[in-house]
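One structure follows; several queries about it will come next.
All values reported here derive from a predicted model rather than from experimental measurement.
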Amino acid sequence: IRSFLDSRDFLEVETPVLQPIYGGAAARPFTTHHNTLDQELYLRISDELYLKRLVVGGLDRVYEIGHNFRNEGISRKHNPEFTLVECYQAYADYRDMMDLTENMISHIAKTVFDKVEIGCQGTLISYIPPWKRMTMVDSINEVAGIDIEGKSDFELVGILKGLGEDVEDDSPRGNLIADLFEVLVEPKLIQPTFIFDYPIEVSPLAKKKSGDEQFVERFELFINGMEIGNAFSELNDPIDQRKRFIEQASKRELGDEEAFMMDEDYLRALEYGMPPTGGLGIGIDRLTMLLTNQGSIRDVILFPQMRPER
């Protein structure tokens with residue numbers, strides 16, 4: 001990963017692990033306390049907001065490889081601390097980041113294993129670019145046979161409840177679309193696939209899609225039924241970003257512990273001006289699972305988090 005990004009003029013940097021305001025992802029943080037400052041701090045859940053401050057400061061291509069911490073469940077795909085690479089490129093958008101992603105992962109497979117078709121859990125995965133690309137709405141239609149545009153919110157709620165999902169009757173339409181995708185489509189995406197154009201409700205840091213402001217310029221990469229990467233055309237409008245932070249704050253007041261916090265320092269950075277920017281994050285532990293044919297994230301972490309012995 002380093003050699004690939006370095007060869008493309010990205011600069012490796014380090015950003016704070018202890019943060020006064022956490023952000024960049026929808027997750028609950030781990031909390032700690034700084035005695036001298038008498039200040040509550042959080043272990044970072046993402047590097048994003050600090051790396052984008054560096055783009056504002058004139059570093060056009062930056063990346064960081066490091067640990068992130070999310071206070072969430074443990075599963076074969078989740079460990080509370082995990083290794084992530086995040087990179088940001090000025091004067092790029094989410095389509096440029098799709099190209100970067102498929103070229104980087106195919107480069108890794110070729111460099112490390114000397115091949116670009118690698119078996120994983122009984123399936124031969126081909127990392128040869130170009131990879132399949134579908135909008136989220138189209139993927140639900142193609143894979144699950146549900147015409148989203150022809151369904152009302154009430155009908156979408158009914159479908160989700162019929163699948164056994166716990167969903168509120170007044171859930172925003174974008175959340176309903178994302179939930180349907182997660183349940184019906186994600187497990188079936190075996191070969192590398194980019195799913196793009198996400199509902200704005202689930203993407204508070206991405207730029208609105210030109211011509212359809214209900215969606216944003218965001219993609220996620222799925223391989224073997226698992227999310228491997230997440231990327232945006234980054235939102236660089238400080239007025240729009242403030243509005244979305246306010247909406248997130250309202251969700252926090254209603255009890256959503258994973259909603260974003262208001263970050264005035266980040267907003268001030270955007271007010272100075274961030275160029276059009278593409279951002280990308282890839283989970284290195286999950287990528288390692290795929291490339292080494294392991295079924296659980298525990299098998300690629302030397303000391304995974306486990307329940308205590310009784």
Side-chain angles (χ1 to χ4, degrees), residues 1-2 4-5 10 12-19 21-32 41-52 62-88 97 100-101 104-105 108-109 112 118 120-121 125 127 178 182 186-187 189 192 194-195 198 202-205 218-232 257-261 279-308:
I1 292 172
R2 280 192 170 97
F4 179 89
L5 292 173
F10 283 84
E12 185 174 11
V13 298
E14 292 183 345
T15 61
V17 174
L18 292 173
Q19 302 179 350
I21 298 176
Y22 64 91
R28 287 183 295 173
F30 290 94
T31 306
T32 188
L41 296 173
Y42 306 95
L43 294 179
R44 68 183 177 196
I45 60 174
S46 170
D47 317 347
E48 178 169 348
L49 300 186
Y50 283 90
L51 290 172
K52 288 195 288 192
V62 292
Y63 76 95
E64 181 169 13
I65 297 175
H67 271 200
N68 287 261
F69 308 84
R70 297 182 184 175
N71 200 348
E72 57 190 15
I74 297 173
S75 73
R76 73 174 188 88
K77 298 187 292 184
H78 297 88
N79 194 65
E81 57 177 302
F82 59 98
T83 307
L84 187 72
V85 56
E86 287 200 45
C87 60
Y88 292 84
M97 304 318 283
L100 182 78
T101 302
M104 178 164 63
I105 293 179
I108 293 166
V112 178
I118 298 173
C120 183
Q121 305 300 290
I125 306 294
Y127 295 97
E182 185 176 342
E186 182 176 331
L189 300 178
F194 293 114
I195 300 296
Y198 274 52
V202 296
S203 311
L205 293 171
R218 174 188 177 188
F219 76 78
E220 288 184 303
L221 168 64
F222 296 89
I223 307 175
N224 203 34
M226 184 167 58
E227 182 227 323
I228 303 301
N230 185 24
F232 310 146
E257 297 182 33
E258 294 187 353
F260 284 53
M261 300 176 72
L280 167 68
I282 294 177
I284 295 179
D285 305 296
R286 289 186 182 181
L287 181 61
T288 305
M289 287 172 59
L290 289 171
L291 297 179
T292 59
N293 192 18
Q294 301 299 317
S296 172
I297 199 169
R298 296 176 183 176
D299 296 325
V300 299
I301 297 175
L302 294 176
F303 298 98
Q305 192 71 42
M306 305 286 284
R307 294 187 185 278

Answer yes or no: is there a side-chain heavy-atom contact under 4.5 Å between R2 and I65?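 Yes. Closest side-chain heavy atoms under 4.5 Å.
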Working to the nearest 0.5 angstrom, can you tell me the gap between M289 CE and R298 CZ?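 Reported value, rounded in 0.5 Å steps: 11.0 Å.
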Side chains of L205 and F260 in contact at under 4.5 Å (non-hydrogen atoms):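 Yes, side chains in contact.
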Taking all non-hydrogen atoms of both residues into account, name the closest pair between E81 and H67 and its distance.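 Closest heavy-atom pair between E81 and H67: OE1-ND1, 3.0 Å.
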Can you find a pair of side-chain heavy atoms, one from L43 and one from P29, that are under 4.5 Å apart?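 No, their side chains stay 4.5 Å or more apart.
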Take I223 and I125 through the test side chain to side chain contact (heavy atoms under 4.5 Å, CB included) and record every step on the way to the result. CA-CA 8 Å; I223 307 175; I125 306 294; 3.8 Å; yes
In sequence, state the C-alpha distance, the side-chain angles, and the governing distance for N224 and Q121, and then conclude on side chain to side chain donor-acceptor pair (under 3.5 Å). CA-CA 9 Å; N224 203 34; Q121 305 300 290; over 6 Å; no
Please check this pair: side chain of R44 against backbone of T15, looking for a donor-acceptor N/O pair closer than 3.5 Å.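 At least one qualifying donor-acceptor pair exists.
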Full working for side chain to side chain contact (heavy atoms under 4.5 Å, CB included) between E64 and L51: CA-CA 8 Å; E64 181 169 13; L51 290 172; 4.1 Å; yes
As an exercise, state the distance from CD1 of I118 to CG of N293, rounded to the nearest 0.5 Å.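 Here the rounded value is 10.0 Å.
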Side chains of E86 and I282, heavy atoms from C-beta outward: is any pair under 4.5 Å?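 No, too far: nothing below the 4.5 Å cut-off.
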Within a strict 4.5 Å, meaning less than it, do heavy atoms of the E72 and R28 side chains meet?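 Counting from C-beta outward, E72 and R28 never come under 4.5 Å.
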Nearest 0.5 Å please: distance from the SG atom of C87 over to the CD atom of E12.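 Nearest 0.5 Å value for the SG-CD distance: 11.5 Å.
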Given side chain to side chain contact (heavy atoms under 4.5 Å, CB included), test M226 with E186 step by step and report yes or no. CA-CA 7 Å; M226 184 167 58; E186 182 176 331; 5.8 Å; no
Once rounded to the nearest 0.5 Å, what's the spacing between atom CG of L280 and atom CG of L221?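 That separation rounds to 9.0 Å.
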Side chain to side chain contact (heavy atoms under 4.5 Å, CB included) between L5 and V85, worked out: CA-CA 11 Å; L5 292 173; V85 56; 4.2 Å; yes
Beyond-backbone contact of I108 with F4, side-chain heavy atoms, under 4.5 angstrom: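 No - every pair of side-chain heavy atoms lies 4.5 Å or more apart.
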What closest approach, in Å, do L291 and A109 show between heavy atoms, and which atom pair accounts for it?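 That closest heavy-atom pairing would be CD2-CB, 4.5 Å.
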Taking the side chain as C-beta and beyond, is there a heavy-atom pair between Y63 and V13 under 4.5 Å?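 Side-chain contact under 4.5 Å: no.
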Between A178 and V202, which heavy-atom pair has the shortest distance, and what is it?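 For A178 and V202, the tightest heavy-atom pair comes out as CB-CG1, 4.1 Å.
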Report yes or no: does D285 contribute a side-chain atom to a donor-acceptor pair with the main-chain N or O of T83 at less than 3.5 Å?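 Flag set: sc D285 to bb T83 pair under 3.5 Å.
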Would you check, one step at a time, whether the test side chain to side chain donor-acceptor pair (under 3.5 Å) holds for Y50 with E48? CA-CA 6 Å; Y50 283 90; E48 178 169 348; over 6 Å; no
Examine the side chains of T288 and Q294 and answer whether a donor and an acceptor come within less than 3.5 Å of each other.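 Q294 and T288 do not have a side-chain donor-acceptor pair below 3.5 Å.
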Side-chain heavy-atom pair V17, F69 within 4.5 angstrom cut-off: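 Yes, at least one pair of side-chain atoms sits under 4.5 Å.
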When rounded to the nearest 0.5 angstrom, what is the spacing between CG in D299 and OG1 in T292?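 It comes to 8.5 Å.
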Heavy-atom closest pair, residues K77 and I297: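 Closest approach of K77 to I297, heavy atoms only: O-CD1, 3.8 Å.
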Say you draw a straight line from CG of N68 to CG of N79; how long is it, rounded to the nearest 0.5 Å?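 Between N68 CG and N79 CG, I get 12.5 Å after rounding to 0.5 Å.
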Residue pair R218 / S203: nearest heavy atoms and the distance that separates them: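 R218 and S203 have their closest heavy atoms at NH1-OG, 3.0 Å.
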What is the minimum heavy-atom distance between R70 and F82, and which atoms define it?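 That closest heavy-atom pairing would be NE-CZ, 3.5 Å.
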Does a donor on one side chain and an acceptor on the other come within less than 3.5 Å for E220 and Y198?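 Distance-only check passes for E220 and Y198.
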